[in-house]
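Here is the structure we will look at, set down as structure tokens.
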Amino acid sequence: MSRPSYWLIKSEPFEYSWNDLVAQKEGTWDGVRNHLAKKNLKAMEVGDLCFFYHSREGLEIVGIAEVSVADILDPTDETGKWAAVKVKPKQELARPVTLKQIKSEPKLADCELVRLSRLSVASIKPDEWKIICEMAEG
DNA sequence: GCCAACGTTGGC
DNA sequence: GCCAACGTTGGC
């Protein structure tokens with residue numbers, strides 16, 4: 001298994017934006033109530049990298065976060081069934097990569113972000129990660 | 001604001 | 001255990 005693994009985490013910017021994460025230095029990624037998203041969350045390890053994507057408003061990847069604490073219990077979940085992680089901001093993208101750009105790149109056509117648009121925690125393959133990073137550099 | 005995709009619920 | 005109805009999410 002190669003490390004780190006790559007992920008994409010979504011947030012609605014009026015709920016919790018990249019700037020909020022930067023301001024707080026570290027954020028808990030909680031509130032996930034989807035089983036595939038949970039599976040992805042639990043597969044995250046410290047040091048894994050996540051694209052931070054703004055959904056519903058913005059519709060773009062704005063930064064890269066690094067997993068700082070893996071596989072904790074979701075503090076917003078009273079049943080104790082759901083997982084969460086903590087992330088810290090690693091790098092802001094020089095140029096945000098929009099969903100439109102991602103969709104117009106044939107090599108990214110079957111990434112989880114595009115195929116499963118409602119998934120809030122998507123895995124990203126290393127080559128997909130590389131392509132998006134290149135797009136962010138312009 | 002609309003609609004498609006997906007998850008969940010509840011009747012059978 | 002199946003499936004229709006319904007609610008929610010998220011892109012457009």
Side-chain angles (χ1 to χ4, degrees):
Chain A
M1 263 315 254
S2 59
R3 286 287 160 189
S5 294
Y6 302 109
W7 310 95
L8 180 140
I9 56 181
K10 289 189 191 177
S11 183
E12 303 185 10
F14 41 87
E15 288 284 339
Y16 193 85
S17 71
W18 170 256
N19 286 337
D20 294 332
L21 179 65
V22 170
Q24 291 176 13
K25 306 271 201 296
E26 185 177 55
T28 302
W29 201 263
D30 56 25
V32 167
R33 296 293 182 273
N34 169 286
H35 288 95
L36 180 54
K38 178 191 171 187
K39 178 172 159 276
N40 284 340
L41 264 183
K42 289 185 79 77
M44 287 186 187
E45 292 182 10
V46 173
D48 283 0
L49 298 175
C50 309
F51 283 130
F52 193 107
Y53 175 81
H54 281 168
S55 64
R56 293 187 66 91
E57 275 184 20
L59 305 185
E60 59 191 11
I61 297 169
V62 290
I64 296 173
E66 182 178 342
V67 177
S68 53
V69 183
D71 197 11
I72 56 176
L73 278 179
D74 185 337
T76 67
D77 169 34
E78 291 170 6
T79 69
K81 283 192 301 188
W82 297 99
V85 295
K86 286 191 181 184
V87 295
K88 54 188 181 185
K90 184 177 176 65
Q91 187 191 325
E92 188 164 340
L93 297 189
R95 297 170 158 208
V97 177
T98 64
L99 182 64
K100 208 172 168 184
Q101 283 176 274
I102 292 168
K103 286 193 162 175
S104 63
E105 170 52 69
K107 287 176 191 149
L108 299 174
D110 53 62
C111 66
E112 281 189 356
L113 174 68
V114 174
R115 278 191 304 125
L116 305 170
S117 67
R118 292 186 49 205
L119 186 64
S120 54
V121 185
S123 66
I124 301 274
K125 295 179 198 124
D127 48 340
E128 292 167 350
W129 179 271
K130 200 173 156 217
I131 293 166
I132 295 171
C133 285
E134 283 166 6
M135 293 166 96
E137 286 160 11

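Counting to the nearest Å, the P atom of dG11(C) and the CG atom of Leu119(A) are 11 Å from each other. Computed from coordinates, the Trp82(A) CH2 to dG7(B) P distance equals 11 Å when rounded to whole Å. Nucleotide dC6(B) holds its P atom 21 Å from the CZ atom of Arg33(A), rounded to whole Å. In this structure, Leu99(A) atom CG and dC12(C) atom P are separated by 5 Å, rounded to whole Å. Rounded to a whole Å, the NZ atom of Lys103(A) is 11 Å from the C1' atom of dA4(B). Distance CD (Glu12(A)) to C1' (dT9(C)): 8 Å, rounded to an integer number of Å. Leu116(A) places its CG atom 10 Å from the C1' atom of dA5(B), with the value rounded to the nearest Å. For Lys81(A) and dG7(B), the NZ to P distance is 15 Å, given to the nearest whole Å.
For Asn34(A), whose side chain is taken as the heavy atoms from C-beta onward, the closest listed nucleotide among dG11(C), dG7(B), dA5(B) is dG7(B). Side-chain proximity of Lys10(A) to the nucleotides dG11(C), dC6(B), dT8(B) is greatest for dG11(C). Looking at the side chain of His35(A), the nearest of the listed nucleotides dG11(C), dT8(B), dC6(B) is dT8(B).
With respect to the salt-bridge test (charged N to carboxylate O, under 4.0 angstrom), the residues Asp110(A) and Lys125(A) qualify. With respect to the salt-bridge test (charged N to carboxylate O, under 4.0 angstrom), the residues Asp74(A) and Arg33(A) qualify.
Checking side-chain atoms of Ser117(A) against main-chain N and O of Val114(A) turns up no donor-acceptor pair under 3.5 Å. A distance-only check finds a donor-acceptor pair linking the side chain of Lys38(A) to the backbone of Lys81(A) [under 3.5 Å].
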